[in-house]
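Keep in mind that the numbers below use all heavy atoms, side chains included, and drop hydrogens, waters and symmetry copies. Naming: A, B, ... by sequence-line order, numbering from 1 per chain.
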Amino acid sequence: MGSSSEKPQLIIDGKRIDGRAFDELRPIEMEVGVLKNADGSAIVAFGNTRVLAAVYGPREVMPKHVALADRAVIRCRYRMLSFSAEERKSPAPSRREIELSKVIREALEPAIMSELFPRTTIDIFIEVLNADGGTRTTGITAAALALADAGVPMRDLVAGVAVGKVDGKLVLDINKVEDMYGEADMPVAAMPSLGRITLLQLNGVLTHEEFVEALALALKGIRKIYELQKEALRKKYVTTEEA
Amino acid sequence: MGSSSEKPQLIIDGKRIDGRAFDELRPIEMEVGVLKNADGSAIVAFGNTRVLAAVYGPREVMPKHVALADRAVIRCRYRMLSFSAEERKSPAPSRREIELSKVIREALEPAIMSELFPRTTIDIFIEVLNADGGTRTTGITAAALALADAGVPMRDLVAGVAVGKVDGKLVLDINKVEDMYGEADMPVAAMPSLGRITLLQLNGVLTHEEFVEALALALKGIRKIYELQKEALRKKYVTTEEA
Amino acid sequence: MGSSSEKPQLIIDGKRIDGRAFDELRPIEMEVGVLKNADGSAIVAFGNTRVLAAVYGPREVMPKHVALADRAVIRCRYRMLSFSAEERKSPAPSRREIELSKVIREALEPAIMSELFPRTTIDIFIEVLNADGGTRTTGITAAALALADAGVPMRDLVAGVAVGKVDGKLVLDINKVEDMYGEADMPVAAMPSLGRITLLQLNGVLTHEEFVEALALALKGIRKIYELQKEALRKKYVTTEEA
Amino acid sequence: MSITPEQPVIPKLKYNAILNVLAKGQHIDKRPLNTYRSISIKTNVVPNAEGSALVSIGSTQVLAGVKLDVGQPYADTPNEGVLIVNAEFLPAASPTFEPGPPDENAIELARVIDRSLREPKVVALDKLAIVPGKKVWIVWVDIYVMDHDGNLLDASMLAAMAALASARIPRVVSVDPNTGDVMIDRETREDRLPINKYVCTVTVAKIGSYLVVDPNLEEEAVASARLAISVAEDGSIVGMQKMGMGYFTEDEVKKAVGLAIGVAPSLIAAIKSAVQP
Amino acid sequence: MSITPEQPVIPKLKYNAILNVLAKGQHIDKRPLNTYRSISIKTNVVPNAEGSALVSIGSTQVLAGVKLDVGQPYADTPNEGVLIVNAEFLPAASPTFEPGPPDENAIELARVIDRSLREPKVVALDKLAIVPGKKVWIVWVDIYVMDHDGNLLDASMLAAMAALASARIPRVVSVDPNTGDVMIDRETREDRLPINKYVCTVTVAKIGSYLVVDPNLEEEAVASARLAISVAEDGSIVGMQKMGMGYFTEDEVKKAVGLAIGVAPSLIAAIKSAVQP
Amino acid sequence: MSITPEQPVIPKLKYNAILNVLAKGQHIDKRPLNTYRSISIKTNVVPNAEGSALVSIGSTQVLAGVKLDVGQPYADTPNEGVLIVNAEFLPAASPTFEPGPPDENAIELARVIDRSLREPKVVALDKLAIVPGKKVWIVWVDIYVMDHDGNLLDASMLAAMAALASARIPRVVSVDPNTGDVMIDRETREDRLPINKYVCTVTVAKIGSYLVVDPNLEEEAVASARLAISVAEDGSIVGMQKMGMGYFTEDEVKKAVGLAIGVAPSLIAAIKSAVQP
């Protein structure tokens, strides 16, 4: 959404810059159980955005004073690897990463039955391997798989996707170029079978009507991603090419 | 005390740059109990210098190993808000702020009956809202009010003021311009009714005789400020305009 | 080993730049017990490289969770004072200092009978006062003396020295210029009477044969240094000028 | 690492009592669910700041200040000023706030405000170049929470908006044509900082199944989630942030947005009247 | 401060069992003492990096990436590019790794790799000047340990070497002759990063009195010390680092170096085949 | 946050014993109340520093070094060199000192010394411009406390003053008239750093109602407060700092100042004789 003198045309002949229809997801890849040590892990790719999620826990909390008497604490860290974006990212945690760690944790909290594991911690590490838009929602989608892989009891999976407004049109699953030159970016995550929205952010400008439409489009995408998640948990690996 | 090619004339016709006599305080405002959450609070202004002090405690210490068996610990932080000075101040604590936090704590310690509250902490936060010279002594004056407002038992109030030497003259309660272009800045704080000096710093050059005179001038100013403090505690709000 | 357009000739007429033979140590000074407060201390100089080591312990560990049930923990910090090198060194710990603190600790661990003091700490502080090459091995040599001075039971002393390759020749105890313009720097430390190598690093390029020869040269130098260490512990002060 | 915060324990009895009040269409302090506590906005309270505002919503107090510095533009917007928003929760403001650098809550608050100012182009950054491509105004917005009685975001946004709208730009004394060095005179402030439009945030809390605007501290403690909606004076939605460990249904989101659009004009009017020249 | 790490407690029985296996000339996973677990090297796995490699040795997984930036040379090497190596042990990689800045182990690993690349001039930095004396390529090598099953150093070195050897340099669009400003086009990558020679490290662990290459995590836990030997493709020794709380005798050091020189060619061959154009 | 430090517990019996000694006009080590322990000042002890001094007062030991760098002047003093003073309490110096960045005590000590050097213009900074307005000498004074037996400030000030007065300036090899780039030769040191006047600090401790100079560690433990008075060689007072949790009466302050002015000349003489050319 930055202003730039060289904004490319993002919609040509009713198609998006990468040839997709407005409501079309990028090719999706999901692989569950990719690490030996982590209790659960998954890699999810939406197009060129590729994110690793790893889960440890429920396990003992250190330092102990962080523990809660009535539930597990969830600890969550979202990170961009230094070479994952076009410009090298300094390894010090950015304000953006700190904010996203929080909203991602809050997107996952409603799904985890943390009341079953008082005085423990469930640690979620999200590492962006390659960033091409939608890293937070891809990360949430991967983290839900990693949690399931770790055997953490959940009310539902959580799946996420970003809707954007580009050249005046609402489009599903925006990539980096659409994010950068578009008018709005709205990441949404939800527990699909329960109809519960657990992450909702808007960065950009929408009318009231556009917002309602954008939210519906996001939820439609989330339901598709949810089906892939369930399949990936059965098969340990799935891509939309196959599907 | 910085050298500069454009030092203004600081004494004109026996008056100071803002029209005051040598031993005249700036207009003073004191308001006690300005915050809902803090156990005690006060805002004190000396001219354009305006400082907020807030006190919590005596309360439980975290981490516990900081606690003392025979007395409350006093924790004190002096801070300049980033927009309080002419140049924006970075929010990272400066070496100056670290030193001032210490000397202000040591200026207040002798007045607080901390032996009555072993294993607890009394936390003092001093926030400079606008800086025009004398922020540490204004802060001490405000902190003493906030401590009293919090009901912390004290041997006496503490009041402070800075004496300066400008254009060769000793003057009371220097402002920023007098500090910057003057020859000396000597902040003093005391427990007025007990005659105990609890803060004494000198930044600049004085002869032995000037020092003795400057100290007496400071103590004279402190006694006036002390009267205003007592009135403010009775009335919750006082200004020297009214007085 | 940095490349530079102005590399000086390091070997002239079979002598090194400071007149030494290839297998000759610099003048060595050792003084034991130089500080009042530390449990043990020593200053060791190899030529212009001068290092202070101080030891506290075995003593109580803070924070307690760092303690080990079956042995003392060794804590070790290697530091360059800011004026010890040609360019002023920032006081923040550099990555080099962090690495050297680790390899020095690991060079001393095998010598210390830490199993005798479970749940305690032995703290070793190494401060480089002036750096002219070989600071880590000089530091190890000083630390061993400080440990002995503190009465810490040891299997053997540890002594160290660096071998270098300069102008194609292997030379003992390289100084800064030889390090900077030479082809290799290989610091070695050992427990001499037990024949145990506890530090071994190579920074540079050697053939297999050169490496074997360099290692033998280092061990030869270490045995000489060891004799000086033992004498210094008897006399509290020794130099090779005297010897 | 973001970590589940410790929650105050609310006795069931008290929780039910609160729900009973809400069921009557009232906040626990008796105002209707869709109205704010009393709002006060005082501008120009910090002489050394180019703009400043002290805002209270009920007992919540926030001080925001604007400082203007001369600096370099970002490479991709060479002819625009730079806007930087920071927030700090002063330890004076609550017994639970610790001194130290901003935590994730303060960072999130600053970033939500930053986006809500940036996306709808609230500040006319394109009018803040001094030497195009080289020297521009850097607009620092620093927000300090002084007293915490709930709804810090909306109070902070009011303070930031009022501080910006009341800020005046220091006089540019000279520009060196060769070096691009700029001399300014901070003592003389001239034009207002150019503002394109006014924006506010409306935070809607979900307590049980009730949606309420401007929750106070006690209400926040029992809310399962909050949704902040940033609204511009033209009624467009210019930012959104779900906060808290709970969730919203699609219907709840739509209702919350409706509430926000309904109440926003009164907040924007309050800012405007506080910054009248 | 470097501090004695907490060691896993290994029951005597188990320790003896391991020694019995080693006595038969085998690792506990049955391979001969002087051979590696199976090695996999995949290059160009991160599109946004100029070079990248995902390496596994058994279950140990390391991802390395190379980013190229335009920057200033060091004062003492004005006509050479700059090489910077960092390593991080991701908390995902082991239950014992904590999030946060690199600890002494990660810093040591990065510095051993840095020296092993720098001393034998693996990267032809002298070919990486853009405007001599003013603008050169900065070569960032970032190493992330993703899964820890022992021998992180050798896996990291393979990943760094393969990422460098497969990296391509972005196109230089223009150089301003006056300012020395350089514009690059990251989307178009052209020549390979120039590599003078290939290097690997071989880590030899001492367990009891046995010397073994490529220890896995279980073996590392019982090793008293490790010696990492960096070997170039011409057989020269280009770095060395003793690690761990134990010691080596002079004879053991010589044997370890012999082992390293023996096995290094197979590692270097593995890198070369992975980065074939 | 500054926090009340933990105080050593002094048994009443011991405290009274100390007061009894003081009542006889003696420190607990038998010297008169207004005299220092034996002072040693050795200069040029660190070859790599442009100036250095190792000072002991009794068992207290402090090492100070001066490094000179070429850098930019401050904007408001374009034709003057820059003076920067840092202090660190080495963990070697006391069982109570922790490794890490300087704490409030070290920062206070450095700042008191900084002001005592800066206000009376001890270093002739106006003679330290190389290219006026562009390049000046940066004078780094780094102070390390090596052994703590009380009165760190006075020992540190002696060390700083002696290191400055014995420092020599590296040769300026060349100045590029266009860029202002300066090349220096650190191996060749030429003129002394220009010193306008000598300054020392005298720390007076209050124990019971006694005022004593140069308290040792045991005396500091029972002192209720300390007053450091900076005195120049012309007898003027050039700095002051009250330290500690107690107080002084107006009379006590005056007496302490008298003590300081009385003893300062002997300290300044000690510095001067140590730095004779």
Taking atom [atom1] as the centre, does [X] end up with more than 12 heavy-atom neighbours from other residues, nucleotides or ligands that are less than 6.0 angstrom away?
| X | atom1 | value |
| --- | --- | --- |
| E/Glu6 | CD | no |
| E/Gln7 | CD | yes |
| C/Lys230 | NZ | yes |

Can you tell me which portion of [X] sits under 4.5 Å from chain E's heavy atoms? Options are side chain, backbone, both or neither.
| X | result |
| --- | --- |
| C/Arg196 | both |
| C/Ile124 | neither |
| C/Leu68 | side chain |
| C/Thr207 | backbone |
| C/Ala190 | neither |
| C/Phe125 | side chain |

Can you name the residues of residues 233-250 of chain E that have some heavy atom under 4.5 Å away from a heavy atom in chain C?
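Only E/Ser236, E/Ile237, E/Val238, E/Gly239, E/Met240, E/Gln241, E/Lys242, E/Met243, E/Gly244, E/Met245, E/Gly246, E/Tyr247, E/Phe248, E/Thr249, E/Glu250 of residues 233-250 of chain E have a heavy atom under 4.5 Å from chain C.
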Using a 4.5 Å heavy-atom cutoff, which residues in residues 98-107 of chain E come close to chain C?
E/Glu104, E/Asn105, E/Ile107
Going by heavy atoms in the side chains, are [X] and [Y] under 4.5 Å from each other?
| X | Y | answer |
| --- | --- | --- |
| E/Met1 | C/Asp123 | yes |
| E/Glu119 | C/Glu183 | no |
| E/Ile3 | C/Ile74 | no |

My understanding is that only residues two or more places apart in sequence, or in another chain, count here; which of them pass ring-ring contact (aromatic ring centres under 6.0 Å, His included) with E/Tyr144?
A/Phe83
In Å, rounded to the nearest 0.5 Å, how long is the span from NZ of C/Lys102 to OG of E/Ser2?
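Rounded to the nearest 0.5 Å, the NZ-OG separation comes out at 7.0 Å.
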Quick one: pull up CD in C/Glu109 and OG in E/Ser224 and give me the separation to the nearest 0.5 Å.
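Between C/Glu109 CD and E/Ser224 OG, I get 12.5 Å after rounding to 0.5 Å.
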Highest number of heavy-atom pairs under 4.5 Å with chain E: which of C/Arg75, C/Arg77, C/Arg71, C/Arg79?
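The option with the most such pairs is C/Arg75.
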Using a 3.5 Å cut-off and no angle test, enumerate the donor-acceptor pairs between side-chain atoms of residues 197-205 of chain E and protein atoms at least two apart in sequence or in another chain.
from	atom 1	to	atom 2	distance (Å)
E/Lys197	NZ	E/Pro120	O	3.4
E/Thr201	OG1	E/Asp154	OD1	2.7
E/Thr203	OG1	E/Asp154	OD1	2.7

Whatever's closer than 4.5 Å to a heavy atom in chain C on E/Ile229 counts as neither
Just by distance, no angles: are the side chains of C/Arg95 and E/Asn86 close enough, under 3.5 Å, to form a donor-acceptor pair?
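Yes, because at least one side-chain N or O of C/Arg95 sits under 3.5 Å from a partner of the opposite role on E/Asn86.
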